[in-house]
Amino acid sequence: MPSSVLDQRPAPPAGGPLPAPPRRRTRVLALPEARWALAALVLFVLALPAYLLGGPAWLWGPLFAATYVTGGWEPGWEGLKALKDRTLDVDLLMVVAALGAATIGQVLDGALLIVIFATSGALEAVATARTADSVRGLLDLAPTTATRLLPDGTEESVDTGLLTAGETILVRPGERVGADGRVLDGASDVDQATITGEPLPVAKQPGDEVFAGTVNGTGALRVRVERDPADSVIARIVKMVQEASETKAPTQLFIEKIEQRYSIGMVIATLAVFGVPLAFGDPLQSALLRAMTFMIVASPCAVVLSTMPPLLSAIANAGRHGVLAKSAVVMERLGQIDTVALDKTGTLTEGTPRVTDITPLPGTGLDESALLRLAASAEHASEHPLARAIVRAADEQGLAPAEATGFTSAPGAGVAATVGGHRIRVGSPAHLGPVGGDGLDGVVRSLEDDGRTAVLVLRDDALVGVLGIADRLRTDARATVAALTELTGRPPALLTGDNERAARLLAAEVGITDVRAGLLPQDKVAAVREWEAEGRRVLVVGDGVNDAPALAAAHTGIAMGRAGSDLALETADAVVVRDELATVPAVVALSRTARRLVVQNLVIAGVFITVLVAWDLIGTLPLPLGVAGHEGSTVIVGLNGLRLLREHAWPGSSVKDIA
């Protein structure tokens with residue numbers, strides 16, 4: 001393949017490289033649930049000062065009434081439709097309880113309950129819409145057109161959806177590959193991080209497989225299409241994310257798991273408390289007052305608040321420390337995990353190649369700085385990730401590149417340029433010839449055995465040194481693996497699309513023994529489902545498009561936020577915003593603390609409800625006292641849950657002690 005001059009790259013041809021795909025995001029207020037919840041919240045906030053300051057009822061009354069209507073009509077309507085199917089859900093029960101509170105003068109409590117439920121429904125609708133957006137946006141990774149080669153050698157631009165197996169396409173430098181296939185002719189480096197997660201472009205030669213949506217490097221490729229567009233790896237990723245999102249069992253908080261029985265029991269009991277005394281001659285007003293008191297003290301408001309404050313406080317605390325949990329359900333589920341699967345590139349590692357070794361050849365007159373500056377000068381015009389790593393290393397050492405002329409690049413081989421009157425070549429040992437007896441053959445083998453990429457530097461065809469380049473391990477990776485092992489009782493597993501040798505070397509460095517390498521997205525999903533079939537609850541931590549199906553299929557998924565793909569960020573249940581891997585075990589430990597507080601609160605709420613209900617049934621519980629007891633239990637469990645807002649509640653470096 002002839003060299004190409006990169007500093008004179010032509011404009012992308014028609015049907016060639018696509019611009020960065022637009023990010024498709026549903027506007028929050030485009031969702032009816034969000035509009036109704038916002039309206040209810042605004043009305044509640046407007047009514048609250050007038051009510052608390054003792055304003056006239058004509059001022060705050062209509063505002064609270066509007067709050068009930070805007071925030072409660074939708075869950076109420078859904079509850080009525082559920083009744084038609086002979087089911088009774090907690091949403092309808094909450095609306096009835098809110099209306100019941102209003103009828104006995106507890107207007108503020110009822111309105112607050114309505115706002116909480118409306119906001120919860122809106123957040124769920126937003127999360128669902130954003131996931132759908134990211135799945136649709138994934139389709140933009142694959143180009144819409146490709147250059148098809150006809151039998152007579154002519155070219156035509158066609159819709160990629162019309163390509164069929166057996167046809168041949170031309171992939172020019174910088175273009176995205178239009179279909180899954182196999183290289184017939186040409187050589188290039190292809191960035192396939194979206195599919196396999198590999199940190200560096202992979203050299204492709206005749207006979208090698210390429211995937212739709214991956215980005216071609218500086219060489220031209222002729223590719224024989226082997227799969228129809230509907231069967232491509234990208235299409236299968238979309239399908240897997242959609243299926244996993246639809247079939248993943250809906251998560252529920254504790255109160256929701258018993259809502260059907262509790263709701264039916266409470267309705268029957270309230271009717272009995274009203275009807276039985278009335279049948280035995282009790283006055284209507286007395287029977288109604290007793291029934292309303294019973295409904296208030298037996299309503300699950302305190303139980304709901306037993307669950308929410310600890311989880312919401314944990315969410316707020318985690319958010320302050322750079323972990324965004326998308327819902328209270330997510331925070332609850334994080335504490336249930338017993339198996340962790342980690343991605344390699346961008347998760348355990350930084351995801352950016354860096355120069356790790358600089359070895360000048362004795363007798364060349366070059367020290368480490370001079371060798372690095374020479375290589376950076378030759379690579380300065382290149383866009384290859386290895387070249388950028390070399391140039392960045394020189395910049396970090398304050399080494400300004402020398403002037404280079406006659407720059408050329410050979411795909412998969414390296415670059416050449418004239419620097420200071422010498423012809424400098426930088427590239428891989430496989431293409432720049434054997435190292436021979438120059439003394440660096442052992443260095444090259446040692447670098448490659450350690451999972452690094454060896455790069456040779458030649459001056460006037462004479463070897464002058466070798467550079468080692470690798471994706472650097474995160475500084476907190478070892479501590480994170482140790483903390484997760486302590487939390488779950490078993491070491492995390494490594495799921496990666498990278499090669500076996502590099503994966504095992506890194507795993508050994510951080511203490512992981514279960515290594516599954518060379519995986520495509522569907523292989524990662526299969527591993528997760530295998531564990532879950534054994535009864536495990538799996539946490540997957542990843543960052544790329546290739547991790548999204550596993551993130552969706554797992555019990556809980558966490559995405560690394562700084563370099564994470566849109567699809568991974570939207571599919572995951574939680575996001576590590578600052579890319580601090582050590583926050584993963586910390587948030588798991590925090591979730592477990594929150595779950596313990598939930599149990600404490602449920603016991604407190606249960607005792608209050610039992611005592612007040614027994615009092616109302618056996619004796620005569622005064623309504624004000626019943627309301628006071630009900631509200632008192634709510635305040636107690638609320639304050640207990642808010643303990644997790646305190647700074648020292650975050651596990652931090654003491655993960656093992658708190659867990």
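Numbering of residues begins at 1 and proceeds along the displayed sequence.
Of all heavy-atom pairs between Ala454 and Pro429, the closest is O-CD, 3.3 Å. Closest of all the heavy-atom pairs between Ala527 and Leu495 is CB-CD2, 4.1 Å. Ile315 and Ala325 get closest at one heavy-atom pair: CG2-O, 3.9 Å. Contact between Ile512 and Leu494 at its shortest, heavy atoms only, is CG2-N, 3.9 Å. Among all heavy-atom pairs drawn from Val538 and Val528, the shortest one is CG2-O, 4.2 Å. Annotation for Leu221 and Ala187: closest pair CD2-N, 3.7 Å, computed over non-hydrogen atoms.
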* Step by step, would you call Val588 with Leu539 a side-chain contact (heavy atoms from CB on, under 4.5 Å)? -> CA-CA 10 Å; Val588 171; Leu539 167 65; 4.2 Å; yes
* To do: Could you check Ser188 against Asn216 for side-chain hydrogen bond (donor to acceptor under 3.5 Å, both in side chains), going step by step and ending with a plain yes or no?
  => CA-CA 7 Å; Ser188 186; Asn216 187 25; 2.7 Å; yes
* To do: Take Ile469 and Thr356 through the test side-chain contact (heavy atoms from CB on, under 4.5 Å) and record every step on the way to the result.
  => CA-CA 5 Å; Ile469 300 178; Thr356 57; 5.8 Å; no
* To do: Just do the side-chain contact (heavy atoms from CB on, under 4.5 Å) check on Thr405 and Thr418 with the steps written out, would you?
  => CA-CA 5 Å; Thr405 59; Thr418 299; 3.6 Å; yes
* Should Arg516 and Glu500 be marked as a salt bridge (Lys or Arg N to Asp or Glu O under 4.0 Å) after you check the CA-CA gap, both sets of side-chain angles, and the distance that decides it? -> CA-CA 8 Å; Arg516 307 190 184 194; Glu500 181 88 14; over 6 Å; no
* Show your reasoning for whether side-chain contact (heavy atoms from CB on, under 4.5 Å) applies to Leu581 and Val584. => CA-CA 6 Å; Leu581 190 60; Val584 173; 4.3 Å; yes
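Residue-environment remark: NE2 (His321) exceeds the threshold of 12 foreign heavy atoms within 6.0 Å.
For the pair Thr583/Trp650, a side-chain contact is recorded, criterion being any heavy-atom separation below 4.5 Å from C-beta on. When side chains are defined from C-beta on, Phe211 does not count as touching Val190, because their heavy atoms never get closer than 4.5 Å. Looking only at side-chain heavy atoms (C-beta outward), Val225 and Asp180 stay at 4.5 Å or farther from each other. Residues Leu184 and Pro206 form no side-chain contact, since every pair of their non-hydrogen atoms from C-beta on lies 4.5 Å or further apart. Between Val183 and Val210 there is a side-chain heavy-atom pair separated by less than 4.5 Å. At least one side-chain heavy atom of Leu590 sits under 4.5 Å from a side-chain heavy atom of Asn317. In this structure, the side chains of Val464 and Ile424 stay at 4.5 Å or more apart for every pair of heavy atoms. Within the 4.5 Å cutoff, the side chain of Arg459 has heavy atoms near those of the Thr364 side chain.
A donor-acceptor pair shorter than 3.5 Å cannot be found between the side chains of Thr556 and Asp573. Defined by atom type and a distance below 3.5 Å, a donor-acceptor pair is present between the side-chain atoms of Arg490 and Thr339.
Taking a cutoff of 4.0 Å between a charged side-chain nitrogen and a carboxylate oxygen, Lys524 and Asp547 qualify as a salt bridge. The pair Glu209-Arg227 meets the salt-bridge criterion, with a side-chain N (NZ, NE, NH1 or NH2) lying under 4.0 Å from an Asp/Glu carboxylate O. Residues Arg478 and Glu509 are paired through a salt bridge, judged by an N-O separation under 4.0 Å between the basic side chain and the carboxylate.
Although no hydrogens or angles enter the test, the distance criterion places a donor-acceptor pair under 3.5 Å between the side chain of Glu532 and the main chain of His555. Judged by distance alone, with hydrogens and angles left aside, the side-chain atoms of Asp476 form no donor-acceptor pair with the main-chain N or O of Ala479 at under 3.5 Å. Here the side chain of Asp338 pairs a donor or acceptor atom with the backbone of Arg537 at under 3.5 angstrom. A distance-only check finds a donor-acceptor pair linking the side chain of Arg474 to the backbone of Gly346 [under 3.5 Å]. Put simply, the side chain of Arg472 never gets that close to the backbone of Thr352: no donor and acceptor are under 3.5 Å apart. Side-chain N or O atoms of Ser591 include none that pairs as donor or acceptor with a backbone N or O of Val587 at under 3.5 Å.
With values rounded to the nearest 0.5 angstrom, Arg222 atom CZ is found 15.5 Å from Arg182 atom CZ. Here the straight-line distance linking atom OG1 of Thr145 with atom CZ of Arg176 works out to 12.5 Å at 0.5 Å rounding. Note: Thr453 OG1 to Asp357 CG = 11.0 Å, rounded to the nearest 0.5 Å. Here the straight-line distance linking atom CG of Leu342 with atom CG of Leu506 works out to 10.0 Å at 0.5 Å rounding. Atom NE2 of residue His422 and atom CG of residue Leu458 lie 13.5 Å apart, to the nearest 0.5 angstrom. Taken to the nearest 0.5 Å, the CG atom of Leu361 stands 9.5 Å off from the CG atom of Leu371.
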Per-pair distances, 0.1 Å, donor-acceptor, side chain in residues 388-402, under 3.5 Å, sequence neighbours excluded:
unit_1, atom_1, unit_2, atom_2, d
Arg388, NH1, Glu383, O, 2.2
Arg392, NH2, Pro353, O, 2.6
Glu396, OE2, Arg354, NH1, 3.4

